[in-house]
Structures are given as structure tokens and as C-alpha cells.
Engineer: 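The structure under discussion is supplied below as C-alpha cells; questions concerning it will follow.
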There are 2 protein chains.
Amino acid sequence: MSGTSDWLDEDEDRVWNAFFEMQVLFWPRMARRLQQETGLSEPDFAILSALVRAPDAQLRPFELSGVTQFEKSRLHHHLTRMVGRGLLTRERCPDSSRGAMIALTPEGRDAITEAYPRRAAHIRQLLIEPLDAGRIDALTRISEALADHLRAEDVTLDDGRPAGAEG
Amino acid sequence: MSGTSDWLDEDEDRVWNAFFEMQVLFWPRMARRLQQETGLSEPDFAILSALVRAPDAQLRPFELSGVTQFEKSRLHHHLTRMVGRGLLTRERCPDSSRGAMIALTPEGRDAITEAYPRRAAHIRQLLIEPLDAGRIDALTRISEALADHLRAEDVTLDDGRPAGAEG
DNA sequence: AGGAAGGGGTTGACACGTCATCCCCAGCAC
DNA sequence: GTGCTGGGGATGACGTGTCAACCCCTTCCT
């Protein structure tokens with residue numbers, strides 16, 4: 001079992017520091033490059049790429065929320081800004097009188113089309129090329145294992161907490 | 001060489017998706033737990049823990065900026081709010097007439113002292129316990145390698161870009 | 001029919017982050 | 001001295017994210 005003291009032991013602290021610092025370095029660089037080369041922020045990119053993959057390039061807000069994991073209010077605010085910038089349109093949903101329908105404008109389609117290859121280049125340059133094939137594979141498996149665990153956590157917390165946590 | 005097409009190939013896409021989704025799941029959960037259990041945000045925690053480790057529990061803003069990697073203006077705004085909440089004090093720097101000095105209040109010290117063991121528990125629960133020893137070790141090395149690479153990128157970009165990037 | 005419950009969407013207030021700009025003071029050239 | 005430069009710091013405007021309501025429509029219960 002890992003420690004019972006107030007902070008992490010040496011090995012634990014080392015992963016945590018490395019993991020934390022890697023992210024602090026990684027994400028701002030990805031976001032800055034995207035912003036400077038395409039004028040899109042990370043949430044812009046997430047929303048546009050969900051839409052461009054959808055049938056007819058349109059989705060309901062709650063569907064977008066499912067794909068991007070943005071809370072509905074955050075999503076609503078962000079969509080409002082993007083409509084203002086001419087990347088999207090928001091209209092009343094044609095069928096089922098309630099609800100809205102978000103669609104890509106030609107400008108929005110151009111923006112995401114230009115952004116895709118640049119994004120791919122950033123990913124290769126900052127994540128993939130610095131690692132050899134073995135490490136890429138290890139990172140894939142570790143990330144998938146963590147993601148599975150994190151999704152399971154949420155369910156667990158509703159019923160009661162798992163045994164084993166002290167306190 | 002990895003691809004020349006507009007997007008990633010299959011293996012590349014798989015790491016990227018796994019890595020991306022893991023983070024999207026991980027960080028909001030860490031932040032929410034910290035916030036709910038201690039009333040501190042991630043930046044609050046970063047600033048308080050830098051201060052509590054400093055001699056006399058005080059630092060100049062530019063030193064804090066070095067530790068946390070926050071831009072000076074973001075840091076200034078955040079410190080202003082934290083002073084308003086009674087966690088910190090901001091005074092004129094005693095020596096060298098220019099500049100400010102940020103110090104922990106008793107409330108600030110209490111807050112970070114209570115937060116430390118909770119933070120450690122979150123890290124164990126969400127990052128460490130789901131992985132076995134081998135994966136912890138692999139994640140440490142991969143994160144350190146990526147962090148080193150990312151730090152080196154910045155320097156490279158000042159002089160000219162590295163050879164090998166197409167375009 | 002009347003009304004509770006719930007999903008989808010909207011709003012406004014406020015916390016947070018970024019950018020551009022500005023101020024102040026030390027150190028140095030002249 | 002005067003003026004330039006640069007680091008440390010402050011400010012205001014604006015874009016972004018979160019929280020807590022709230023509205024509307026549908027569904028289901030009675």
C-alpha cells in the first residue's frame with residue numbers, strides 16, 4: 001500500500017511531478033500554436049471537428065455536449081460567441097418543436113479544414129516524434145487504462161465509496 | 001516517418017485520442033475534488049504550496065511566476081483575489097525599493113496545511129492506484145522525456161526551426 | 001384534466017485568463 | 001546630468017468557464 005503520511009512518498013512524488021509538469025508544458029503550447037496558426041481556440045476546434053464529422057454538418061447542442069464533454073452552459077456561451085464570429089448558425093430545431101440545431105457555416109468549414117493538418121503536425125511534433133514506438137504504445141495503454149478507471153470512478157461515487165480509502 | 005496526409009494515421013490517432021481523453025477526464029476531477037473539499041482552486045493550491053515551502057513563507061511575484069509558470073499578469077490578478085480572500089498579503093518589498101512581497105497569512109497556512117493530505121489522496125486514487133508499478137515507472141519516464149523535449153522546443157524556436165519539418 | 005418530474009436550452013453574475021499597454025526604477029552609455 | 005534599456009509590476013478590456021437559477025415543452029402519474 002502506498003503511504004499513510006501527509007504527502008506522497010518518493011516514487012509517487014516523482015510520477016506526480018513529471019506528469020504534472022509535462023501537462024503544464026504541453027497544453028499551453030498546443031493551444032498557442034493552434035490559436036496563432038488558425039485563429040481557433042481548443043474549444044473552437046473541438047466543436048468544429050465534432051460538427052464536420054456529423055451528418056449534414058449539424059448537431060443538437062446536447063449531442064455536441066456529449067462529444068466534447070462541455071457542460072451545457074459553457075457550451076451555450078461558447079456557441080453564442082462562435083455564431084457571432086460567423087463560424088456557426090443556431091436555428092430552431094426543425095422537427096420536435098423544442099430545442100436548437102447548430103450547423104457549420106462555409107466559414108466554419110473552411111476554418112476546420114485548414115486547421116486539421118496543422119493540428120496533426122503539432123501532435124506529431126510535440127507528442128509523437130519525441131517518443132519511440134515502444135513508448136507510444138505504452139502511453140496509449142496507460143492512458144486508456146486511466147481513462148477507463150476515471151469513467152468508472154463517477155459511477156462508484158453515486159452508490160457509496162469504494163472500500164480501501166482511509167478516513 | 002509518420003504520415004504526410006491531412007490527419008494522423010491509425011496508431012497516431014489512437015495515442016492522441018487516448019492521451020487527450022485521459023486528460024479531459026483527469027483534470028476536471030482533480031480540480032473539483034480539491035475545490036469541494038478545501039475551497040481551493042488549482043492555481044490557489046499551486047501558489048500556496050510554493051509559498052509554504054519558501055523561507056519565511058514569502059516570495060516575490062516574479063519568483064512565484066518562475067515556480068508556477070503563470071504569466072505575470074495572470075499571477076497578479078490571481079494574487080489580488082487571494083489577498084481579498086485573506087489567504088495572502090501583498091506588501092512593498094522591504095529591501096530594494098521596487099517590487100512587491102507576497103506572504104502567507106495564518107489563514108493561508110491553515111488552508112494549504114489542510115489541503116496537502118487531501119491532494120495526496122486524490123493523486124493516489126486517480127493516478128497511482130489504477131496503475132501497477134511497471135506502468136507507474138513507464139509513465140514517469142515518458143512524462144520526463146516529453147517535458148525535456150518541450151522545454152527544448154522553446155529554445156529551438158528562437159534561432160530558427162529545426163531541420164526535418166517539411167514545408 | 002391537473003400536476004409533478006425531467007430533459008433541453010437560456011440567462012446573468014461572477015471567477016478566471018490573456019493581451020496590450022503602461023508605470024516605475026535600476027543600470028548603463030554618453 | 002540626460003537619455004536609453006530592461007526587468008518587475010500594475011491595469012483595463014475582453015474572451016472564457018462556472019454556478020445557480022430559470023423557462024419551456026413533454027411525459028407520466030393520478
Side-chain angles (χ1 to χ4, degrees), chain A residues 23-24 27-36 38-48 58-103 111 158, chain B residues 23-24 27-36 38-48 58-103:
Chain A
Q23 323 249 9
V24 166
W27 291 105
R29 279 166 178 72
M30 286 292 287
R32 283 185 67 80
R33 292 188 186 204
L34 189 66
Q35 176 84 355
Q36 290 177 345
T38 71
L40 300 176
S41 67
E42 292 284 334
D44 293 339
F45 185 88
I47 289 169
L48 292 177
Q58 51 179 26
L59 287 173
R60 301 278 301 275
F62 79 95
E63 296 172 307
L64 268 172
S65 174
V67 178
T68 60
Q69 298 284 308
F70 297 168
E71 283 170 309
K72 61 183 179 177
S73 138
R74 172 185 177 184
L75 180 62
H76 180 86
H77 284 136
H78 205 87
L79 292 175
T80 301
R81 289 176 220 124
M82 291 177 77
V83 169
R85 289 157 61 201
L87 297 168
L88 305 176
T89 58
R90 174 156 42 196
E91 290 160 20
R92 290 234 140 281
C93 185
D95 46 71
S96 86
S97 56
R98 61 166 172 205
M101 179 63 79
I102 304 298
D158 290 339
Chain B
Q23 322 251 7
V24 165
W27 291 106
R29 280 166 178 72
M30 285 292 287
R32 282 186 67 81
R33 292 187 186 204
L34 189 65
Q35 177 81 12
Q36 289 178 345
T38 71
L40 300 176
S41 67
E42 292 284 334
D44 292 339
F45 185 87
I47 289 168
L48 291 176
Q58 50 179 28
L59 287 172
R60 302 278 300 274
F62 78 95
E63 296 174 307
L64 268 172
S65 173
V67 177
T68 59
Q69 298 285 307
F70 297 167
E71 284 171 307
K72 62 184 180 177
S73 141
R74 171 185 177 185
L75 180 62
H76 180 84
H77 285 136
H78 204 87
L79 292 174
T80 301
R81 290 175 218 122
M82 291 178 76
V83 169
R85 288 157 61 201
L87 297 169
L88 307 176
T89 58
R90 175 155 44 196
E91 291 162 18
R92 292 233 138 280
C93 184
D95 47 72
S96 85
S97 54
R98 60 166 172 201
M101 180 63 80
I102 304 299

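Below, chains carry the letters A, B, ... as their sequence lines are ordered, and counting in each starts from 1.
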Engineer: Each nucleotide N or O in nucleotides 18-22 of chain D that has a protein N or O under 3.5 Å away: list the pair and distance.
Structural biologist:
| residue | atom | partner | partner atom | Å |
| --- | --- | --- | --- | --- |
| D:dT18 | O4 | A:His77 | ND1 | 3.0 |
| D:dC19 | N4 | A:Ser73 | OG | 2.4 |

Engineer: In whole Å, what is the span from the CZ atom of B:Arg81 to the C1' atom of C:dC16?
Structural biologist: 5 Å
Engineer: For B:Arg85 and C:dC16, give me the distance from atom CZ to atom C1', rounded to whole Å.
Structural biologist: 11 Å
Engineer: With sequence neighbours excluded, what pairs up with A:Ala31 under the side-chain contact (heavy atoms from CB on, under 4.5 Å) test?
Structural biologist: A:Glu42
Engineer: Quick one: A:Phe62 CZ to C:dG6 P, roughly how many Å, whole number?
Structural biologist: 18 Å
Engineer: Which residues pass the ring pair (Phe, Tyr, Trp, His ring centres under 6.0 Å) test with B:Phe70, sequence neighbours left out?
Structural biologist: none
Engineer: Would you say B:His76 reaches D:dG9's phosphate, i.e. side-chain N/O to OP1/OP2 under 4.0 Å?
Structural biologist: no
Engineer: In whole Å, what is the span from the NE2 atom of A:His78 to the C1' atom of D:dG15?
Structural biologist: 9 Å
Engineer: Distance check needed: D:dT16 C1' versus A:Leu79 CG, whole Å only.
Structural biologist: 13 Å
Engineer: Strictly below 4.0 Å: does A:Arg90 bring a side-chain N or O up to OP1 or OP2 of C:dT10?
Structural biologist: yes
Engineer: Mind running side-chain contact (heavy atoms from CB on, under 4.5 Å) on B:Ile102 and B:Val83 for me, showing each step along the way?
Structural biologist: CA-CA 9 Å; B:Ile102 304 299; B:Val83 169; 5.6 Å; no
Engineer: With sequence neighbours excluded, what pairs up with B:Gln35 under the side-chain contact (heavy atoms from CB on, under 4.5 Å) test?
Structural biologist: B:Ser41
Engineer: Rounded to the Å, how far apart are B:Leu34 CG and C:dC16 P?
Structural biologist: 12 Å
Engineer: Would you please name every residue forming a side-chain contact (heavy atoms from CB on, under 4.5 Å) with A:Thr38, sequence neighbours left out?
Structural biologist: A:Leu34, A:Leu40, A:Ala115, A:Arg118
Engineer: Specify the separation, in whole Å, of atom CE of A:Met101 and atom C1' of C:dG9.
Structural biologist: 14 Å
Engineer: Give me each pair satisfying side chain to side chain donor-acceptor pair (under 3.5 Å) with a member in residues 70-80 of chain B, each pair once, sequence neighbours excluded.
Structural biologist: B:Asp44-B:His78, B:His76-B:Arg90, B:His78-B:Arg81, B:Thr80-B:Arg90
Engineer: Given atom CD of A:Gln36 and atom C1' of C:dT18, what is their separation to the nearest angstrom?
Structural biologist: 12 Å
